[in-house]
J.: 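Below is the structure I would like to discuss, written out as C-alpha cells.
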Amino acid sequence: MAEAIPAKKPKMSPDEKPAQPVAANCAHWVQRKKRYCKMEPNKGSLFCGAHEPPSEATAENAEAERIPCPLDPKHTVFKRKLAKHLTICNARDQISNLPYIHKNINAGEELDSDNLQEICEYEKLKLHELEDEEFYRVIDKVKQLYDTHIDGNIEQLQLQHSSLEEPLSHSEYGPETRKHLVQTSALLGILEQDQQLVDNTSFIEFGAGKGQLAFYLATALDTKQLGESQVVLVDRLSLRHKKDNKLTNKQLVQRIRADIADLKMSELPELQRTQRNVALSKHLCGAATDLTLRCVLADKEKCNTDYILIALCCHHRCSWRSYVDKKWLQTAGITPRDFVIITKMVSWAVCGTGISRERRKAMAEAATHEEPPQQEPTQRLSREQRELIGYQCKRVLDYGRLEHLRANGYQASLKFYVSRDVTLENVILLAKRDSPKVQ
C-alpha cells in the first residue's frame, strides 16, 4: 500500500502569523523575515529589549516607561536611558575619526533645495501615467544615443580562471551557486589575461559583500606566491558568514568598513603597502558604481589606480546627484526629469514579467483576499520592446561613465563577460589608464 503523501501547508498571507513562539523567544513578529524574533525576552515580559512595546511609567515602577527610539522607531528604549542610547544606537549618523572617512566626499555636488525638491517629485512619477508625447520622446532620445554611441561596440570577453575549475566541477551545486562562480571565474580570467595578477598590487573590491570574489582572488594570489599583493574589501555593512574568513592565508585580505560615498583612498593606510591599485567589483549597484568612480578618480595620482573592472547592475538605483557625467547627459539633451524616467525604464531589461514589484504584490494580496485585482494599465509597448528599450537605457547610462573615464585619462569600454543565460546583467566596465607619453 502506497504511503500517503502529506498535504502541503497553505502559504501564509502577508498579515498572517503562525502559532505563538516558544516561551524562550521574543513574541515580536518580524514581518520581513516571516518569523518571530529569536532573542530572549526580558524577565517578566514577552518581548526582548529591542521590541518591548512602548509603555507608561506606573506608580509601582516610575522608571519603566519605554518610548520609540527617535532614530529608528522599530525599536524602543527606556526613557531614562534615552540620552545614552542616542550615542550608541546603530541608526545614529556616526561621525568617524578615521582619517580616510570624509562624509559624502564622493557623493557628487550637493543639490540646492529647489533642485532636490524637483528630483524628489520626479521620483514619484509612474511610467504608465506619463503622457504619450513625453513617454515616446524619452524613448526616441535613448534610441538615438544608443545607435550613435553603443550599437555594435560592445565586444565579447568571456574567459575563465583555473582557480575555479575545481569548485565548478561540483555537480551538487545548484544553479544560483554555479552562476556566481562562473561570473567570478570570468572576472579573474580577465585580470589574468590583462596581466593584472602581479606583485605589489592592492586589489580593492568595492561593495565586497560576503567576499566571494575576494576569496578566489586571494587564493589565486597565494597560488602564484604574490605575497606582496593584497585584497582590500570595502563594504559599509558588517556581514556574517564572510567567505574571506575561510582563507588559509588571512594576511592577504584586509576589510574596511566604510560607505564608498565617504571613502578617501589616498588616506587609507592599507594602500601604502603596495605600489599600485586595481579597482574591481562584482555587481556594483547603481549609484555605487558612480561613487566608486569618483572615489578612484579623485585620488588617481596619489593612489596610482591604473586598472578598473566593474560588473555593472541595478541601474534603477542610479541617482542624479552621484552620476559622474551629468554634463554629457545634458549636452545629449537628457534633463534631470528624463534621467529619472530612464532609471525607471531600465528595469524593463531584467524584470521578467514587465510588471513592477509593487504591482505584483498588490495583485497577490488581492488574490489572497479574493478581491478583484485592479486592471493593469494598458501597455503601450510589447514585452519584447520594453526589454530592448530597458537594455538600451542601461547602456546609455554606462556610456556616460565611459566618457567620464576617458576625460580623466583612461581607455574605457564595455564588454560582455558572461552569456545572458548566466545573468542578464552580463556587461562589465573595463578601464585602463593611458600610458604617460614619452617626451
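Numbering starts at 1 and runs along the sequence shown. FYI, side chains are in, hydrogens and waters are out, and symmetry mates aren't considered; it's all heavy atoms of this structure.
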J.: Does this structure show an ion pair linking Arg276 with Asp306, if we count only N-O contacts that are shorter than 4.0 Å?
T.: yes
J.: Under 3.5 Å, is there a donor-acceptor pair between the Trp328 and Gln330 side chains?
T.: no
J.: Kindly say whether Phe215 contributes a backbone atom to a donor-acceptor pair with the side chain of Asp244 at under 3.5 angstrom?
T.: no
J.: Distance-only check: which donor-acceptor pairs under 3.5 Å involve side-chain atoms of residues 258-268, not counting sequence neighbours?
T.:
residue, atom, partner, partner atom, Å
Asp259, OD1, Ala261, N, 2.9
Asp262, OD1, Asn104, N, 2.7
Ser266, OG, Asp299, OD1, 3.4
Ser266, OG, Asp299, OD2, 3.2
Glu267, OE1, His102, NE2, 3.1

J.: Whether the Gln411 and Asp434 side chains hold a donor-acceptor pair (N or O, under 3.5 Å, no angle test) is what I'd like checked.
T.: yes
J.: If you round to the nearest 0.5 Å, how far is CG of Leu329 from OG1 of Thr335?
T.: 10.0 Å
J.: Ignoring hydrogens and angles, tell me if any N or O in the side chain of Lys250 forms a donor-acceptor pair with the backbone of Asn245 under 3.5 Å.
T.: yes
J.: Please round to the nearest 0.5 Å and tell me the distance separating atom OH of Tyr122 and atom CD of Gln117.
T.: 10.5 Å
J.: Compare every heavy atom of Gln195 with every heavy atom of Val198, then report the nearest pair and how far apart it is.
T.: CG1-O, 3.5 Å
J.: As an exercise, state the distance from CD of Gln385 to CD1 of Ile139, rounded to the nearest 0.5 Å.
T.: 8.5 Å
J.: Closer than 3.5 angstrom, by distance alone: can the side chain of Lys34 be matched with the main-chain N or O of Gln31 as a donor-acceptor pair?
T.: yes
J.: Working note: Leu252 + Val231, criterion side chain to side chain contact (heavy atoms under 4.5 Å, CB included); need CA distance, chi angles, decisive distance, verdict.
T.: CA-CA 6 Å; Leu252 283 170; Val231 183; 5.6 Å; no
J.: Ignoring hydrogens and angles, tell me if any N or O in the side chain of Arg321 forms a donor-acceptor pair with the backbone of Gly108 under 3.5 Å.
T.: yes
J.: Are Glu425 and Lys394 close enough for a salt bridge, meaning some N to O gap below 4.0 Å?
T.: yes
J.: Within the distance-only criterion (no hydrogens, no angle test), does the side chain of Lys282 pair as donor or acceptor with the backbone N or O of Gln183 below 3.5 angstrom?
T.: no
J.: Examine distances only and state if a side-chain atom of Arg294 and a backbone atom of Tyr323 form a donor-acceptor pair shorter than 3.5 Å.
T.: yes
J.: Could you verify whether a donor N or O on one side chain and an acceptor N or O on the other, from Tyr399 and Glu403, lie under 3.5 Å apart?
T.: yes
J.: Nearest 0.5 Å, what's the CG-CG distance between Asn304 and Leu271?
T.: 11.0 Å
J.: Measure from the side-chain N and O atoms of Thr343 to the backbone N and O of Val340, and report whether any donor-acceptor pair falls under 3.5 Å.
T.: yes
J.: Within the side chain of Tyr146, is there an N or O that forms a donor-acceptor pair under 3.5 Å with the backbone of Lys141?
T.: no
J.: As a quick check of understanding, evaluate side chain to side chain contact (heavy atoms under 4.5 Å, CB included) for Leu381 and Phe135, giving each step before the final call.
T.: CA-CA 11 Å; Leu381 302 167; Phe135 182 82; 3.8 Å; yes
J.: Any side-chain to backbone donor/acceptor pair from Ser322 onto Ala107? Under 3.5 Å, distance only.
T.: no
J.: Between the side chains of Ser202 and Gln230, does any donor sit under 3.5 Å from an acceptor?
T.: yes
J.: Is there any ring-ring contact (aromatic ring centres under 6.0 Å, His included) pair reaching into residues 260-319, and which pairs are they, with sequence neighbours excluded?
T.: none
J.: Where do Arg401 and Cys318 come nearest, in terms of heavy atoms and distance?
T.: NH2-SG, 3.3 Å
J.: Do the side chains of Asp140 and Lys143 get close enough for a salt bridge, i.e. N-O under 4.0 angstrom?
T.: no
J.: Please test Arg386 against Arg383 for side chain to side chain contact (heavy atoms under 4.5 Å, CB included), starting from the C-alpha separation and ending with a verdict.
T.: CA-CA 5 Å; Arg386 292 198 302 276; Arg383 178 174 172 179; 3.8 Å; yes
J.: Taking NZ, NE, NH1 and NH2 as the nitrogens, is one of them in Arg255 or Asp235 under 4.0 Å from a carboxylate oxygen of the other?
T.: no
J.: Do the rings of His28 and His51 sit parallel, tilted or perpendicular, given the 30° and 60° boundaries?
T.: parallel
J.: Evaluate Arg337 against Glu134 for salt bridge (Lys or Arg N to Asp or Glu O under 4.0 Å), listing each step before the verdict.
T.: CA-CA 10 Å; Arg337 181 182 173 96; Glu134 182 175 32; 2.5 Å; yes
J.: Would you please say whether a donor-acceptor pair under 3.5 Å links the side chains of Asp222 and Thr219?
T.: no
J.: Before you tell me yes or no, could you show the steps for Ile119 and Phe339 under side chain to side chain contact (heavy atoms under 4.5 Å, CB included), namely the whole-Å CA-CA distance, both residues' side-chain angles and the distance that decides it to 0.1 Å?
T.: CA-CA 10 Å; Ile119 295 294; Phe339 176 87; over 6 Å; no
J.: Would you compute the distance between atom OG of Ser163 and atom OH of Tyr216 and round it to the nearest 0.5 angstrom?
T.: 8.0 Å
J.: Please list all pairs meeting ring-ring contact (aromatic ring centres under 6.0 Å, His included) that have one or both residues in residues 173-210, counting only residues at least two apart or in different chains.
T.: His170-Tyr173
J.: Can you list everything that forms a ring-ring contact (aromatic ring centres under 6.0 Å, His included) with Phe416? Sequence neighbours excluded, please.
T.: none
J.: Return each pair, listed once, that meets salt bridge (Lys or Arg N to Asp or Glu O under 4.0 Å) where at least one residue sits in residues 192-217; pairs must be two or more places apart or across chains.
T.: Glu192-Lys224, Asp194-Lys432
J.: Check the side chains of Thr289 and Thr292 for a donor-acceptor pair under 3.5 angstrom, ignoring hydrogens and angles.
T.: no
J.: Test of understanding: with salt bridge (Lys or Arg N to Asp or Glu O under 4.0 Å), list the residues that count as partners of Lys179, not counting sequence neighbours.
T.: Glu176
J.: Can any side-chain N or O of Asn426 pair as donor or acceptor with the backbone N or O of Val422 at less than 3.5 Å?
T.: no
J.: For the residue pair Pro53 and Thr76, what are the closest heavy atoms and their distance?
T.: C-CG2, 4.2 Å
J.: CG/Leu429 to OG/Ser281 distance, rounded to the nearest 0.5 angstrom?
T.: 11.0 Å
